[in-house]
Amino acid sequence: MAGLNPRQEEACSYTEGPLLILAGAGSGKTRVITHRIAHLIEDKGVNPFNILAITFTNKAAGEMRTRVDAIIGPGAEKVWVSTFHALCSKVMRRFYERLGGTKNFTIYDADDQRSAMKEVLRQLNLDEKQYPVRGMIAAISRAKESLLSPDEFEDQTEGDFRNRNIARIYREYQKRLESSNAMDFDDLICKTIDLFLQEPEVLELYQERFRYIMVDEYQDTNHAQFILVKLLAAKYRNLCVVGDDDQSIYKFRGANIRNILNFEEEYPDAKVVKLEQNYRSTKNILDVANAVIANNSGRKDKSLWTRNEEGEKVHFTRYRDDRGEAAGVCKKIFALLRKGGNLQDMAVLYRTNAQSRVLEEQLIRENIPYQLVGGTNFYARKEIRDLVGYLKCVANTADDIALVRIINYPRRGIGDTTVKKLKDFASQQGISLYDAIRDCEIVPGVGRAVGKLRDFAEMMEGFQRTAERGDLTRLYLDILSVTGYQRELEAERTDEARSRLENLQELRNKITEYETKAEEATLVGLLEEISLVADTDSLEEDSDRLTLMTLHSAKGLEYPDVFLVGMEDRLFPSGMALDSDDPDAEEEERRLCYVGITRAEKRLYLSAATQRMTNGTVIYPDVSRFIHEIPENLLVKDGIQEDGGFYTDVSDFSDSYYGDSRSGSSYGGARAGRFEAPKKDDTPDLYYDEWQGSTFQRKGGSKNTDPDMEAGIENDKDTADKRDLSAGPGASVSASIFGYTVGDHVKHIKFGRGLVTEMIPCGGDFEVAVTFDEFGEKRMFASLAKLRKI
DNA sequence: GAACCCATCATTTTT
DNA sequence: TGATGGGTTC
């Protein structure tokens, strides 16, 4: 097998019986899986139809799909590559009737779960303070992951008052889902297991089909998934699991690290192959990673090594505060760019999403384009949820949650009181809300709303007829127009409404795309895709932007240059983990740290702040214990002062950012990382200019080309003025590069609309005079002002 | 039914 | 700091 090392080759060629591949970070895991599939088909004559590859995320599934298709060619499409949930959903669509369900079931996402849970708590008259929605959903999820029914849950937990109530909540929640013909994500797995146990011939059907099974990221499986895999593989036992116990970071989500640690006990005849050669990182980076993870106990014995070069030392910088840290990161980014680096090769990783704000503020000031991964999901947007709500309702009228969501959006005079009456009636009669609407004349107390309810029911029936005809795009457009949803947004004429309309257009595109590519496009299939394949475009790999994300999101990714910020005790490792009575909590944080470090290929910059604003208060954190676990000789500590003052970063620049701060000037955000006077032949300085026309984009959301959307982020007048004064010579550019010229109307992030009245070449840059509609004339340097032609 | 004020409370997240 | 939710008022 071409280009594989002996271990990798061993993993590929061992095809019969259970196999555990312990694949260290950067050891070529995906390569091994794809080559293994190729080997099965090409050398062993296995029918691609009999191969199943399971992953956790759609992204991983998509990636594997592409690589398998590329390496095998025709026939590869028969290999079933899927996420756990998509697989189970397919099984349930086909066989749910055997469990007494109907196949048009709705899949509830986190938000639907929340709504359902709130209703349950209201109904049981339980206080949300004592039984928090989030916590209850998590508790139920844990029960389901452990395959415990409400009764079993009650038996297994201590029968105190609270646990009995949680069991009641679980029971009621489940009842609600069932009467709505809905499943949550956990149900997909559990009910598939139920089905397999109850209907052995169905199980056998799939056992026969999936003679060779591979599971990626095995350390992330929960108990239910473990059982599911076990059942599927029970007949042929050709089960290959791939994972790395050191990268298990999803315990809070139910992942059970024991699944991988105990694989050999579960399958005593299992062969174990360790992939320990790392192809990703430099020796220095790997040494740091190994030093940190060595502090964990109970690991599988393995140690990563590499033939890669030593590389640069890993840096650690302690900054004065979080803003200084952000500025320092920017400064280092500029230094890298100057040396010919690319933004798409860089990532900033942090423990909590809240940390992104300070970074974003600074990046905007410095004109560094970035993409933020994670955060709000496209399908979590209100307008999208509303429209999807209509679709769900049309597909499954029993879906009360969706119905309540849309019944009065847009407003059609069916208020809370009416809805409440309907709900009472429905639960009394044991019918769905929608059926109650159809019988609204006999519902007590709805009197005046009857006509409106009739209209609503009629409208929904119209949608159902359209749906039956199978034209989904038509259905979608009908909903937009007949409900008046679109009209209402168009009438609003605000930026927000415009952005919502754009998102709705985006959803339309997704629907049309689904119709084009699906073999058999159905409403139920579309909704499944929407529920399970949410947020497909969460990361762009080939745009020249810096990437910002949490450490969790970074798993599976790699970047030449990685910044790991906020290396502070109680932030990372998180305070919650440290306070936890679970002794593994700190180790999980350490694994997270290991994951972060091993994302880096060439350069790794660790940093901490001495002072940080958290939850509205200033804290003075200690340097993370993980930093102390790294031997001194592996780290370069940038410009750390010995004299007791705050630490500074003076490593890369002669004019230090803190040079200003120390001399008493205020926070010079605009000065940090600013253009150094360019050496004449130093090309990369043009970056600023090329970026002028670029857009910022919050990932997972609509494309946002309007810098004003970002204007909520502080960019005070003070800063802008300082910029004008301090702007130095930039690179030689022509005015055209900025995309506007004298006479054009432009938009400024802070000052809004204005007219360009003058552009004066100035030390390679341009001084631009703009008369703003609201702020009058301002003069600023083009390379810094981030003006956009409108 | 919208607009406002106050209190509260803050990991990590894919499906 | 900020988002969110409940309660109040018009």
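We name chains A, B, ... by the order of the sequence lines, and we start the count at 1 in each one. Side chains included, hydrogens not; waters and symmetry mates left out as well; all remaining heavy atoms used.
- For the pairing with A/D246, the side chain to side chain donor-acceptor pair (under 3.5 Å) check across A/R299, A/R591, A/Q219 returns one residue only, A/R299.
- Rounded to an integer number of Å, the gap from CG of A/L557 to P of B/dT14 is 12 Å.
- Distance, A/D186 CG to B/dT14 C1': 11 Å, rounded to whole Å.
- No more than 12 heavy atoms of other residues, nucleotides or ligands shown are found within 6.0 angstrom of CG on A/D416.
- For the pair A/E529 CD and B/dT14 P, the computed distance is 17 Å after rounding to whole Å.
- Taking atom P on both B/dT13 and C/dT4, the two are 16 Å apart, rounded to the nearest angstrom.
- Atom CZ in A/R323 sits about 11 Å away from atom P in C/dT1, given to the nearest Å.
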Open item on the list: For A/L52 and A/M214: C-alpha separation, side-chain torsions, deciding distance, then whether side-chain contact (heavy atoms from CB on, under 4.5 Å) applies.
Closed with: CA-CA 6 Å; A/L52 170 68; A/M214 265 164 267; over 6 Å; no
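- Residues A/Y485 and A/D386 have side chains that bring a donor and an acceptor to within less than 3.5 angstrom of each other.
- Rounded to whole Å, atom C1' of B/dT14 lies 15 Å from atom CD1 of A/I54.
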- [ ] Could you run through nucleotides 2-10 of chain C and give me one letter per nucleotide, 5' to 3': B if any protein heavy atom sits under 4.0 Å from the base, S if only the sugar-phosphate is that close, - if neither?
- [x] SS-S-----
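- The one candidate from A/K90, A/K510, A/K517 that meets the salt bridge (charged side-chain N to carboxylate O under 4.0 Å, His left out) condition with A/E529 is A/K517.
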TODO: Treat primed atoms plus P, OP1 and OP2 as sugar-phosphate and everything else as base, then score nucleotides 7-13 of chain B 5' to 3': B for base contact with protein heavy atoms under 4.0 Å, S for sugar-phosphate contact only, - for none.
DONE: --SBBBB
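- Against DNA chain B, the stretch residues 81-89 of chain A makes heavy-atom approaches under 4.0 Å through A/T83, A/H85.
- Atom CG of A/D187 and atom P of B/dT15 are 18 Å apart (whole Å).
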